[in-house]
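Only one structure is covered here, and it is reproduced in the block below.
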There are 2 protein chains.
Amino acid sequence: MAATIKDVAKKAGVSISTVSRVINDSKPVSSEIRKRVLEVIEELEYKPNEVARSLVTKKSYLIGVIVTDLGDSYVAEMVRGIEEVGKMYDYDILLCSTFGDKEAELKYLRLLNTKQVEGIILISNTLNNELHEKTKQLRIPFVYLNRFYYQDYPTVKIDNFEASYEMTNYLIGLGHKDIAYISNNGDKFYLEKDKLEGYKKAISEHEDCEEIIYFSKDRDIEDGYDVARDIIGFNKEVTAIFCSYDELAIGVLNYLYDNDIKVPDEISVTGFGDIKIASIFRPTLTTIKEPFYDIGAVAIRRIIKELKGEIADNSDIILPFQIQKRGSSIKIK
Amino acid sequence: MAATIKDVAKKAGVSISTVSRVINDSKPVSSEIRKRVLEVIEELEYKPNEVARSLVTKKSYLIGVIVTDLGDSYVAEMVRGIEEVGKMYDYDILLCSTFGDKEAELKYLRLLNTKQVEGIILISNTLNNELHEKTKQLRIPFVYLNRFYYQDYPTVKIDNFEASYEMTNYLIGLGHKDIAYISNNGDKFYLEKDKLEGYKKAISEHEDCEEIIYFSKDRDIEDGYDVARDIIGFNKEVTAIFCSYDELAIGVLNYLYDNDIKVPDEISVTGFGDIKIASIFRPTLTTIKEPFYDIGAVAIRRIIKELKGEIADNSDIILPFQIQKRGSSIKIK
DNA sequence: TTGAAAGCGATACCAG
DNA sequence: CTGGTATCGCTTTCAA
């Protein structure tokens, strides 16, 4: 068995209170005794049992992180941010993956609560209305991260409208007039709505441009592939395709590659997100960089602040984005 | 404050022992009392405090997972496997990322220990000799996963020699004779050694083939890019390039793309690993599928078995691999 | 079948 | 500055 505080106390000939004091240096201890205790600790390789400690202090130094799927690079990126910043404040990450199952979101919310996590970050990709009551009950700091939907919880994100507006203007600036936009869904709860509006606004500000909007079935690579076929088939004059998600853009690039259509020479393609593959793929993808790492980092930062009792209003945090200009877009000839 | 077992006991008019019995059904409780207790639990929304429970049972239902970087898709994949199987046995994952820092590996080993994790899985990408003594001290199940080096701990992997041998034979079967192999390093502790041997053996068994071995500086995409330049520059007759890691292969494909060399028409390229991007990239990459998810799954399975006292010898577990034939390789004309 | 009481390993308050 | 002791929330003997 591992040594306990009692073992140390006995061997050092002091009380457990004293041992506790030296390991936490919570109260003054004579340097003589401190030294002896430290020696015994060394000797016994004593390490305080954090579980016991948690029980009395009510601090677990654990943050629960519920994610959809680490297999999505943007999720992994957020978790990196969460973890790295968490560690700076001695917080550890308890990880749960839902694989898109709403039931699981609720289940893990409960589970993490029994494990006494001090805060919870949920990275979701669906809409979940049952969430509300559960999160209220918990009474622990909670941040909701969702790249697709908008729901009424504290969150961290970029200004999707503005980003989309800028990207469209960037393409217009390159001389493109027939810019197709691949949207996923413009309904109420979708962040996509903002993006779509951004595109529309930019287009409407330029007389020689017209809205060309296509809707994809979903937002995976295959969906981009399918829409690309439609666009190319029906709309020969399109010179640029702006996709509301990088995943769609990759699908578009794949379709164009398979059909020997040169990017960017014949057609420019841009995405949204800057997921990992965007800079690796050939051609490299021009896209809007959503700072996933920072989003995670800021999310946990917010939780820790709240834990420390520092003011934390319920407002969303908006992070800056960037237009990453890469090989898939070019000035029109 | 959340309700405790005492609150439940008081409200139900029974002792806490009884409450404990019903929530664990560890001992018979009259159905009448059970019902009442259950009602109160419902009413108070009582959820047992797992921390307190851990303290007495010595079971935290926590497995520590130390990884290099979730940003590497294969790591994320392993963690998925670990977590999904872990959950089946009610285990949760405590995640720590080292970003390649050896010191951090040791540090987190200690940390996880104080957090009373019941087992540890380390996903590493370096050699770490100081590990040995630390892991022995812990006396908890430990599995070591490393895609690059071999170190003397229980691990889960594929037969790298055999995989490399098969892939080389596959290319030979396609009619290729001048097959370049990009190795990272053939030294003692490198798994790479086995791969290199596999390639050599296959080549040696075919009279009209000759070893063409290039060494990359490291094993990232850029390194593959650099080596490709060398190969193309110095070895015009090469018709196939077999890379010891998918990352290198992606670099090679990028170089060929940038220099207008058609894959697979002019040259075939194959990789090793089947990381996520391999099947997305164009052309899709022919490669050896290392079952990362399964490796993680089996690793935690092993730990849980050991925890249950089921026999667990110290031998490595070898998982099957597969040759994924995709678009980057073709029969020679 | 039930309850009382002893711990699990630490912290923290109260005396001295 | 140091020690004794209650306590955190729960499980687990031991008696009844």
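All chains are named by letter (A, B, ...) in the order of the sequence lines, taking the proteins before the strands, and each is independently numbered beginning at 1. Everything numeric here is computed off the predicted structure, so don't read it as measured data. Just so it is clear, the values below take in all heavy atoms, side chains as well, and ignore hydrogens, waters and symmetry mates.
Other residues, nucleotides and ligands contribute over 12 non-hydrogen atoms within 6.0 Å of the NZ atom of Lys134(A). Under a cut-off of 6.0 angstrom, the local environment of CD in Glu133(A) is sparse, with at most 12 non-hydrogen atoms contributed by other residues, nucleotides or ligands.
Listed by first and then second residue, the ring-ring contact (aromatic ring centres under 6.0 Å, His included) pairs involving residues 20-77 of chain A are Tyr61(A)-Tyr91(A), Tyr74(A)-Phe292(A) (not counting sequence neighbours).
For Lys87(B), the salt bridge (Lys or Arg N to Asp or Glu O under 4.0 Å) partners at least two apart in sequence or on another chain are Glu83(B), Asp92(B). Evaluation of the salt bridge (Lys or Arg N to Asp or Glu O under 4.0 Å) rule for Glu130(B) yields no partner, not counting sequence neighbours. Glu118(A) is linked by a salt bridge (Lys or Arg N to Asp or Glu O under 4.0 Å) to Lys59(A), counting only residues two or more places apart in sequence or in another chain. Evaluation of the side-chain contact (heavy atoms from CB on, under 4.5 Å) rule for Lys58(A) yields no partner, not counting sequence neighbours.
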Atom pairs and distances, donor-acceptor, side-chain atoms in residues 293-301 of chain A, under 3.5 Å, two or more places apart:
from: Tyr293(A); atom 1: OH; to: Glu84(A); atom 2: OE1; distance (Å): 2.6
from: Arg301(A); atom 1: NE; to: Tyr89(A); atom 2: OH; distance (Å): 3.1
from: Arg301(A); atom 1: NH2; to: Tyr89(A); atom 2: OH; distance (Å): 3.2

Please tabulate, for the side chains in residues 27-41 of chain B, all donor-acceptor contacts under 3.5 angstrom to protein atoms that are two or more places apart in sequence or on a different chain.
from: Ser30(B); atom 1: OG; to: Ile33(B); atom 2: N; distance (Å): 3.4
from: Arg36(B); atom 1: NH1; to: Ala12(B); atom 2: O; distance (Å): 2.4

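Under the 4.5 Å side-chain criterion, counting only non-hydrogen atoms from C-beta, Val156(A) is not in contact with Asp316(A). Residues Leu122(B) and Phe142(B) meet the side-chain proximity criterion, which asks for heavy atoms closer than 4.5 Å.
Nearest-nucleotide positions on DNA chain D for Val29(A) and Ala3(B) put Val29(A) closer to the 5' end.
One can place NZ of Lys59(A) at 12 Å from P of dA12(C), the figure rounded to the nearest angstrom. Residue Leu55(B) contributes atom CG, which lies 14 Å from atom P of dG7(C) at whole-angstrom precision. When rounded to the nearest whole Å, the span between CG of Asp7(A) and P of dC8(C) equals 10 Å. If you take CD1 of Ile16(B) and C1' of dG3(C), they are 10 Å apart, rounded to a whole angstrom. For the pair Asn24(A) CG and dG9(C) P, the computed distance is 17 Å after rounding to whole Å.
Using a 4.0 Å heavy-atom distance criterion, Val19(B) is classed as making no nucleic acid contact. Across all strands shown, Ser20(B) has heavy atoms under 4.0 Å from base atoms, whether or not it also approaches the sugar-phosphate. Note on Ile33(B): only backbone sugar-phosphate atoms sit closer than 4.0 angstrom, heavy atoms only; bases stay farther off.
With salt bridges taken as basic N to acidic carboxylate O contacts below 4.0 Å, one links Glu77(A) and Arg80(A). Salt-bridge check for Arg147(A) with Glu290(A): passed, with a basic side-chain N closer than 4.0 Å to an acidic carboxylate O.
For the helix from dT1(C)-dA16(D) to dG16(C)-dC1(D), the end axes, each set by the C1' atoms of five terminal pairs, are bent relative to each other by 40° (nearest 10°).
Near-neighbour residues of DNA chain C inside residues 38-52 of chain B, defined by a heavy atom below 4.0 Å, are absent. Near DNA chain C, defined here as any heavy-atom distance below 4.0 Å, there are no residues from residues 112-119 of chain A.
For the 3.5 Å distance criterion, the side chains of Ser15(A) and Thr18(A) qualify, holding a donor opposite an acceptor.
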Expected rows: protein N/O vs nucleotides 13-16 of chain C N/O, under 3.5 Å:
from: dC13(C); atom 1: N4; to: Arg21(A); atom 2: NH2; distance (Å): 3.3

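Counting all heavy atoms, side chain and backbone alike, Gly71(A) lies closest to Lys276(B) at O-NZ, 2.7 Å. Closest approach of Ala76(B) and Leu70(A) over heavy atoms only: CB-O, 3.6 Å.
Put simply, chain A comes within 4.0 Å of DNA chain D, heavy atom to any atom, from dC1(D) to dG9(D), going 5' to 3'.
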